[in-house]
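One structure below.
This is a predicted model, so every value here is computed, not measured. Index from 1, following the sequence. Both counts, for ligands and for their atoms, begin at 1 and track the order of listing.
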Amino acid sequence: MRLIFIGPPGAGKGTQLVRVAEYFGVKKISTGDILREQIALKTPLGLSVEETMNRGAYVADDIVLQLVRDRITSEDFKEGFVFDGFPRTLEQADSLWAILDMAGVTIDKVVYINVDDAVIISRMAGRITCSSCGKPYNILSYPPKSEGVCDDCGAELSMREDDKPETVKRRLAIYRELTEPIIDYYEERGLLFEISGVGDADEITRLIIETLNAEE
Ligand code: AMP
């Protein structure tokens with residue numbers, strides 16, 4: 001399975017794609033995690049993107065594409081993967097198409113999780129993330145088993161700088177302008193599966209997996 005997940009920030013994309021990746025036994029490739037890793041390591045690249053990310057703006061296409069090229073292996077092409085937060089622009093979608101073409105593989109499906117802005121803004125108010133593995137939680141709808149601590153790795157949970165309310169509004173506007181056009185891009189290629197991100201999270205996972213299995 002080679003999959004892409006698209007959706008506005010707060011659509012539940014992170015939660016769903018981790019479950020789907022686990023189910024199909026494929027690796028998650030998150031450009032946000034790779035960039036945050038660079039910031040934590042204080043590499044020149046990390047230092048150069050930190051301010052852009054904290055503002056909720058997009059990192060330049062050439063930087064993101066280089067990170068993806070460096071990270072993806074021939075094993076991933078063969079075994080499958082789920083992209084998280086990539087591609088985010090038409091330029092990235094086009095370049096990914098070319099990268100996969102060169103490797104002789106294609107995307108199987110693009111899962112588009114759709115949620116209204118009002119729902120997103122109220123959801124993001126409760127979002128906390130693991131500082132180590134990046135797993136997302138929500139104080140209201142998806143709390144950790146023990147307060148402030150990641151269920152999976154035991155690291156501390158905190159609110160990401162770019163999940164603060166004023167930044168969320170900016171991220172949404174950028175998403176609508178730069179990322180929404182790639183929905184049509186994949187629709188035209190017959191790859192899009194759209195699902196509402198509102199409702200029971202387990203039911204949404206079940207529907208996504210059922211649809212992906214039916215496509216195989
Ligand atoms: P995420 O963890 O996917 O929400 O990404 C967090 C931040 O990292 C975004 O707000 C951007 O600043 C940056 N970022 C992650 N992936 C990309 C991408 N594909 N293109 C541009 N910027 C990205």
Side-chain angles (χ1 to χ4, degrees), residues 3-18 20-21 27-41 43 45-72 76 81-100 107 110-113 115 117 120-121 123-138 150 155 157-183 185-186 197:
L3 303 170
I4 290 171
F5 274 64
I6 304 176
K13 196 164 42 78
T15 308
Q16 294 299 336
L17 73 84
V18 164
V20 170
K27 174 168 150 187
K28 168 181 109 157
I29 304 176
S30 159
T31 44
D33 285 351
I34 298 171
L35 288 162
R36 279 184 290 275
E37 200 178 282
Q38 296 286 318
I39 293 175
L41 293 171
T43 64
L45 188 143
L47 295 173
S48 77
V49 300
E50 188 169 14
E51 189 267 336
T52 306
M53 282 179 69
N54 284 343
R55 259 190 302 126
Y58 285 180
V59 170
D61 287 333
D62 56 341
I63 295 182
V64 174
L65 283 162
Q66 195 51 49
L67 286 174
V68 170
R69 283 194 196 95
D70 290 347
R71 196 54 76 103
I72 200 158
D76 298 334
F81 50 78
V82 179
F83 272 122
D84 177 8
F86 175 85
R88 255 182 163 99
T89 63
L90 276 176
E91 166 82 29
Q92 291 178 18
D94 249 345
S95 298
L96 176 64
W97 197 267
I99 293 168
L100 296 178
I107 291 290
V110 177
V111 179
Y112 167 40
I113 306 185
V115 178
D117 284 10
I120 290 165
I121 288 163
R123 270 188 192 178
M124 295 292 271
R127 181 149 122 166
I128 42 174
T129 309
C130 175
S131 52
S132 175
C133 73
K135 185 172 178 180
Y137 294 85
N138 192 290
C150 180
L157 303 176
S158 59
M159 179 169 263
R160 267 168 44 180
E161 194 57 37
D162 59 352
D163 280 344
K164 307 247 158 94
E166 59 285 3
T167 317
V168 168
K169 288 205 178 123
R170 191 171 323 118
R171 285 173 67 196
L172 265 175
I174 295 172
Y175 167 83
R176 299 282 177 223
E177 185 194 338
L178 298 178
T179 304
E180 264 190 358
I182 72 175
I183 293 164
Y185 177 96
Y186 288 119

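Ring geometry, W97 versus Y186: the interplanar angle falls from 30° to 60°, so the pair is classed tilted.
The salt bridge (Lys or Arg N to Asp or Glu O under 4.0 Å) analysis of residues 47-61, with sequence neighbours excluded, yields the pairs E51-R55.
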*Kindly indicate, with the supporting measurements, whether the criterion salt bridge (Lys or Arg N to Asp or Glu O under 4.0 Å) is fulfilled by K164 and E161.*
CA-CA 6 Å; K164 307 247 158 94; E161 194 57 37; 3.3 Å; yes

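Between L45 and L35 the shortest side-chain heavy-atom distance falls below 4.5 Å.
Side chains of Q66 and D70: a donor-acceptor N/O pair is present below 3.5 angstrom, by distance only.
Within 4.0 Å of ligand 1, heavy atoms belong to protein residues T31, G32, L35, R36, M53, A57, Y58, V59, V64, G85, F86, R88, Q92, R160, D162, R171.
Among all heavy-atom pairs drawn from P8 and I113, the shortest one is CD-O, 3.4 Å.
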